[in-house]
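Values reported hereafter were calculated over all heavy atoms of this structure, with side chains retained and with hydrogens, waters and symmetry mates removed. These numbers were taken from a predicted model, which means no experiment stands behind them. Note that the numbering runs from 1 along the sequence shown for the chain.
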Amino acid sequence: MEDAYARSVSEVLDFFGVDSSKGLTDFQVSQHARLYGKNVLPEEERTPFWKLVFKQFDDLLVKILIAAALVSFLLALINGETGLIAFLEPSVILMILAANAAVGVITETNAEKALEELRAYQADIATVLRNGCFSILPATELVPGDIVEVSVGCKIPADMRMIEMLSGQLRVDQAILTGESSSVEKDLESTIATNAVYQDKTNILFSGTVVVAGRARAVVIGVGANTAMGSIRDSMLRTDDEATPLKKKLDEFGTFLAKVIAGICVLVWIVNIGHFRDPAHGGFLRGAIHYFKIAVALAVAAIPEGLPAVVTTCLALGTKRMARLNAIVRSLPSVETLGCTTVICSDKTGTLTTNMMSVSKICVVHSIKNGPEVAEFGVSGTTYAPEGFIFDNTGVQLEFPAQLPCLLHIAMCSALCNESLLQYNPDKGNYEKIGESTEVALRVLAEKVGLPGFDSMPSALNMLSKHERASYCNHYWENQFKKVSVLEFSRDRKMMSVLCNHKQMEIMFSKGAPESIISRCTNILCNNDGSTIPMDATLRAELDSRFNSFAGKETLRCLALALKIMPMGQQILSFDDEKDLTFIGLVGMLDPPREEVRNAMISCMTAGIRVIVVTGDNKSTAESVCRKIGAFDHLVDYVGHSYTAAEFEELPGTQQTMALQRMALLTRVEPSHKRMLVEALQNQNEVVAMTGDGVNDAPALKKADIGVAMGSGTAVAKSASDMVLADDNFATIVAAVAEGRAIYNNTKQFIRYMISSNIGEVVCIFVAVVLGIPDTLAPVQLLWVNLVTDGLPATAIGFNKPDSDVMKAKPRKVSEAVVSGWLFFRYLVIGAYVGLATVAGFIWWFIYSETGPKLPYTELMNFDTCPTRETTYPCSIFEDRHPSTVAMTVLVVVEMFNALNNLSENQSLLVIPPWSNLWLVASIILTMLLHILILYVPPLSTLFSVTSLSWNEWAVILYLSFPVIIIDEVLKFFSRNSHGIRFNFRFRRYDALPKKELRDK
């Protein structure tokens, strides 16, 4: 039944054909079960394991690598090669791809857990009325029309419409669904609001929420997938995972690289068709296979095999650093996504605020000697910890607050007229509440006021253990005053009272809504001397004015406190006793903003990141918090910047688009609104980070580019998120954004480093083929360079220190290529030099080396005809391992120097010296040691077709390698002074918002 909230109790009961005094009959139960289904969330269809595995290989570069590995393997078989060398290259490539696939499968399996954990919020049992008898049944057996009784502590087993109140009130904690900071009072009246959201449906009990006060009966109106929890599940199932900006850029780059590789491979093969018949190959077919092997080697050289592993490693290093900032990353790619976040949609309660209600202001009547003199006091402390001070209206701290009569009686009333508990949790290291947050705030106030009697009280309290200190003062008052009778809070009275006995004196303490308490007061307690004076119209008007100021301008939640001396021996309270009260004071409380949030907001604005506060609370409370944290600092007025969800939905499409671009606050939201907001912002090409902690937030967290869950939040929210904030703090998100930007910059640097190195390898092979000289590098040597000598420095580049102005730049555009424009030209130049230097080292050994044959260049070009003509040198000289060893070592050393170039994109090595990243220096040393190892240890030198080098050869290698630093310094100089050449690409902007009808389907 979709509109039960708008129907009367009798209409809902008639719809299901049920008698509220007897419940459903067995026949009706079986009929409704067939009609409406079971009260369980249906299991979603799981992705088969084999599909998950194959999905990891659905990437163009990966497919090319697999093809290269298979071709290499087949060619080895065709040529009759055996042993380790023949199958080393394909084996290593396939091992790398298998490792990456394993990581991908594990990540995707974890993502499906969010839907499973949603079932944990379903109740296990329910007290049901059937055939005129109550019985306890499994919640899964409930059907629409069942009459269910709920009481304190019950988890609501299905969506239900209230039909009968069995206590003075019923309050439900539905924070997991709506994110409201306090429990909600439920009633029987039908709701007349149009476009009603969950918060408006005060007669509906939602599945998965918990009763915190009272007892009632309700009729089931929705089960299983047709409940509020079921709609969240459906929303999560409809959400597809979006590729991260870096993944998109790498995919684009992979496609581009694949086309270039294919073109070059085909070109090399075609250029050498004339050489297929050369006698050295032993026939046309063998010649074609020989040059096909060169084309395959070219493909292996062009593809950075280590790139996926290095990207993963760099992101993993970033997650370790973020963990120290209290940001636990669940999805590695999300680390980088943070760097280009343009909008943060932040929950208010618990993220921007502490989610710990605290008394911040007290108002009492000081005296009336010279007319009504009202005194205000400020209270410090923003958590449940009993730590804080009382200040007078001039800002001076009160040394002994309990010596003032009104403050003393406020502490008494706060401790006694209270049903909550405050305790210290040693495992979490913080103070926790049991009960209503407003009542706990009063308990904390009683602790801050302290006890009267001796001057050393404040310091004496500080000597207690945290466990004892939690409620020391409250326990003192509870021991002094014995509770005799309690009048519970009710909606019509808007107050509660407690009768206490103290030294043969009966006193009633009352607390409640100021308008209700003040109207029942006939006297006032004065703070200057403790005297009691009659309440007159002037005093009443002054107190009303202060209350309106607290509740209006400062949007504080206000309570008034009062007392009354009762007749001796009275044991029972009645509603008639709640009159002729003596007013003690007015307290104003709020869910206080976190102290560090204001600076975090300023950092966001400086970094070009927009913050939209999203909350289920009412508009005025949320606007007040936004003013305090600086979210509205840049605004003159709030018109066009602050909306309720209903106001926003009523706007025409074009106005919604305009509103989205200016919005700073969205209030009274429910789960569908959060997801809609994310979709709409993404349609405007924004990169959205969404925070949340409740079950209700899961669909939006999953849909956002980066979902940020709270450490104290639900398991469902955490499972649907990419990142979890251990301290629930908005400032941690901002710190994580800075870290994400630094990680992206480093990722960009090592990608460019690997690309320039691979360009060098391609140039080396291509130039050798064009010049007609022997193969400069064997495939196994290329693989060694790509995986080991490239991989270690590339990973170490991930440790580059972030720039000091990383949070002063605007977010990078999603369309920004990893390598493009002037930078691509720069790395082409560097790559070309790397390749030419490698070929030069190869040629040098044949023509100029003292240990070489000193051949004329023409002889080197005609090496393939050597067996068919007479020469002064043996043809076996072209099989010598020295020239390829020199070429490979030049390639390794020049890439080590190139790694130093990548300490910064544009800064000179004179500004950012090598020792600024000791990890890079260490990786270069380790790489060189590994390279020397394969040169000088016989089994390895045989495996990699290399040999030992002389000092003279090492000197030439250094001469050929070092100029790469000079070339890049010149290019960096031009970059700094002319900003290089830039190419801008624009994505089409989609202004249309997802239509409400589609969202609701």
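- Partners of V970 by side chain to side chain contact (heavy atoms under 4.5 Å, CB included), not counting sequence neighbours, listed by chain and number: F974.
- Partner of V829 under the side-chain contact (heavy atoms from CB on, under 4.5 Å) criterion, chosen from L971, V834, V964: L971.
- Judged purely by distance below 3.5 Å, without hydrogens or angles, the side chains of T353 and R594 never pair a donor atom with an acceptor atom.
- At a threshold of 4.5 Å between non-hydrogen side-chain atoms, the residues N326 and L725 do not count as touching.
- Atoms CH2 and CG, on W915 and L920 in that order, are 13.0 Å from each other to the nearest 0.5 Å.
- Considering CZ of R662 and NE2 of H641, their distance stands at 4.0 Å, rounded to 0.5 Å.
- M663 has its side chain out of reach of Q656: every pair of non-hydrogen atoms, C-beta onward, lies at least 4.5 Å apart.
- Summarising the geometry, atom CZ belonging to R668 is positioned 9.0 Å from atom OG1 belonging to T615; distances are rounded to the nearest 0.5 Å.
- With sequence neighbours left out, S346 forms a side chain to side chain donor-acceptor pair (under 3.5 Å) with no residue at all.
- Side-chain contact between D968 and R826: present, with at least one pair of heavy atoms (C-beta onward) separated by less than 4.5 Å.
- Evaluation of the side chain to side chain donor-acceptor pair (under 3.5 Å) rule for T342 yields E686 as partners, not counting sequence neighbours.
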Begin from the C-alpha positions of L900 and M896 and carry the test side-chain contact (heavy atoms from CB on, under 4.5 Å) through to its verdict. CA-CA 7 Å; L900 294 175; M896 295 306 101; over 6 Å; no
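- Qualifying side chain to side chain contact (heavy atoms under 4.5 Å, CB included) partners for S756, counting only residues two or more places apart in sequence or in other chains: Y827, I830, N898.
- Remark: L828 engages I759, F824 in a side chain to side chain contact (heavy atoms under 4.5 Å, CB included) (not counting sequence neighbours).
- Atom CD of Q655 is separated from atom CZ of F648 by 11.0 Å, given to the nearest 0.5 angstrom.
- Residues meeting the side chain to side chain donor-acceptor pair (under 3.5 Å) test with N729, sequence neighbours left out: E596.
- Considering only residues two or more places apart in sequence or on other chains, I602 meets the side chain to side chain contact (heavy atoms under 4.5 Å, CB included) condition with R598, N599, T606.
- Partners of K972 by side chain to side chain donor-acceptor pair (under 3.5 Å), not counting sequence neighbours: none found.
- When side chains are defined from C-beta on, L681 counts as touching L660, because their heavy atoms get closer than 4.5 Å.
- Side chain of T341 to backbone of V343: no donor-acceptor contact under 3.5 angstrom is found.
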If you look only at distance, which donor and acceptor atoms sit under 3.5 Å apart when one is on a side chain in residues 731-739 and the other is two or more places apart or in another chain?
| unit_1 | atom_1 | unit_2 | atom_2 | d |
| --- | --- | --- | --- | --- |
| T732 | OG1 | D727 | OD1 | 3.0 |
| T732 | OG1 | D727 | OD2 | 2.9 |
| E739 | OE2 | R321 | NE | 2.6 |
| E739 | OE2 | R321 | NH2 | 3.2 |

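- Looking only at distances, a side-chain donor or acceptor of D722 sits under 3.5 Å from a matching main-chain atom of G707.
- The backbone N or O of V724 sits nowhere less than 3.5 Å from a side-chain atom of S721 that would complete a donor-acceptor pair.
- Proximity of a side-chain donor or acceptor of Q661 to a complementary backbone N or O of M658 within less than 3.5 Å is not detected.
- With rounding to the nearest 0.5 Å, the separation of CD1 in I967 from CG in N901 is 9.5 Å.
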